There are 2 protein chains.
Amino acid sequence: MAKSKPSKTASAEEKIKEAARHVFTKKGYAATRTRDIAEEAGINLALLNYYFRSKEKLFGIVMEERMAQFFGLITPIVNDVNSTLDRKIELIVSYYVDMLLQNPDLPLFIMSELRHDSDLFRKFQVQNLIINSHLILQLKEKQPSIHPLHFVVSILGLTIFPFIAKPIIQSTDALNSQMFAAMMEERKKLVPKWAKAMIKVK
Amino acid sequence: MAKSKPSKTASAEEKIKEAARHVFTKKGYAATRTRDIAEEAGINLALLNYYFRSKEKLFGIVMEERMAQFFGLITPIVNDVNSTLDRKIELIVSYYVDMLLQNPDLPLFIMSELRHDSDLFRKFQVQNLIINSHLILQLKEKQPSIHPLHFVVSILGLTIFPFIAKPIIQSTDALNSQMFAAMMEERKKLVPKWAKAMIKVK
DNA sequence: GTCTATACAAAGATAGAC
DNA sequence: GTCTATCTTTGTATAGAC
């Protein structure tokens, strides 16, 4: 869990990784100081370099984990040849909402860091993963006159964008943390219904 | 224009501001070095401090401009009591697409920096601007059983999210820069149609 | 493995000449 | 106003004791 404080029982190495995950995800690579990580881990700064050699190496490890968490979720769903289009959409939305409620900083972190370091997703081959997916085929079949990528981007946008805009939405006094979570729960039902209606539109 | 090189005729002060706008927007505050800005502006580092005192001050000026550009666009549209709901949506999408095609880094910049520095939009009162808008009234009237904020977030998400996810989408060999622009042009028509269908959904 | 102390590098800010 | 040179601060990494 990204948000929990490092447990007392964990090894120093694991405590550092936990703290790094948290601080990097919240502040981004450039704004993070290794001292912040050491402090949050409750260990000495020198120990961080003892275990991980450098800030960059530690970041690489964390980033790889977070990418897997973010993109790994979607892979099996979009490529399942046995599920219907509607079912796929339901699963994508529902899984992402649950996971992002636990890790609200994740999308902004991934998007921000990827901007600088564009080699990272070549490694994960996100492109093929989505472009050549079974989901794309099903979308093409249901609505041949619109590029299926439109729908993929839209469904992900409807699900993920609220988390990216969360700082803005929440500055509103009218929406506290529980209300935000409640809205996202509602979206598990709404987005699939909306998607269905959108795909019908000519 | 954020992307153009500082013109030869501009004053040093303006050249620095232009360069700062560009570099800050692209890399974010923490990852930006004042030396980068000076170099891109084609002036000496000392001059930057002569005009702007500090990195933070310079950033503040740039940030305020960019916030105004990002949020200023939407204010008059959502509060126009004489335009229909459909028309408002058309305008929001169309204006944002045009502006963001010229400033593709802007959304990620705003969202990233706002995360750390949450006082900035209190200044702009984005909340009231949206929450108490005429658009919200119209949405509530048209679909009373769903919180109007859902639709606002969705319409903005459908419009803005593609720019945030652009680095990922573009890693796909199948989508170059012109194709991305073409897709966004299509969205000027698609998003309003989709929104209309979404609002009808019960 | 873990700490203290410190070296080293990078980046922000300023002094002072022109 | 603009530059060169330099000071200061901050942050990463290492040496060496325990």
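The model shown is predicted, which means the values in this text are computed figures rather than measured ones.
Between B:Tyr95 and B:Glu90, the closest side-chain pair of non-hydrogen atoms is not below 4.5 Å.
Residue B:Lys57 contributes atom NZ, which lies 9 Å from atom P of C:dA13 at whole-angstrom precision. Remark: P of D:dG11 and CD of A:Glu39 are 12 Å apart, rounded to the nearest angstrom. For the pair A:Ile43 CD1 and C:dC3 P, the computed distance is 7 Å after rounding to whole Å. Remark: C1' of D:dG1 and CG of B:Leu47 are 7 Å apart, rounded to the nearest angstrom. Rounded to an integer number of Å, the gap from B:Asp36 CG to C:dA13 C1' is 16 Å. Atoms CD (B:Glu14) and P (D:dT2) sit 13 Å apart, rounded to a whole Å. C:dG1 atom P lies 12 Å from atom CZ of A:Phe52, rounded to whole Å.
Of all heavy-atom pairs between B:Lys88 and B:Asp80, the closest is NZ-O, 2.8 Å.
A:His147 and A:Lys140 form no side-chain donor-acceptor contact under 3.5 Å, judged by distance and modelled atom types alone. Checked by atom type, the side-chain pair A:Ser94/A:Lys188 shows no donor-acceptor distance below 3.5 Å. Judged by distance alone, the side chains of B:Arg187 and B:Thr159 never bring a donor and an acceptor atom under 3.5 Å apart.
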Under 3.5 Å, N/O pairs linking protein and nucleotides 8-10 of chain C:
none

Item to check | Chi angles and distances behind the side chain to side chain contact (heavy atoms under 4.5 Å, CB included) call for B:Ser112, A:Arg115 | outcome: CA-CA 12 Å; B:Ser112 301; A:Arg115 188 172 32 158; 4.2 Å; yes
Item to check | From CA spacing to verdict: side chain to side chain contact (heavy atoms under 4.5 Å, CB included), A:Lys26, A:Thr32 | outcome: CA-CA 9 Å; A:Lys26 192 169 151 204; A:Thr32 295; over 6 Å; no
Checklist outcome for this item: Quick tally for nucleotides 13-18 of chain D: nucleotides whose base has a protein heavy atom under 4.0 Å get B, sugar-phosphate-only ones S, the rest -, giving BBB---
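Among pairs with a residue in residues 48-58 of chain B, none fulfils salt bridge (charged side-chain N to carboxylate O under 4.0 Å, His left out), at least two apart in sequence or across chains.
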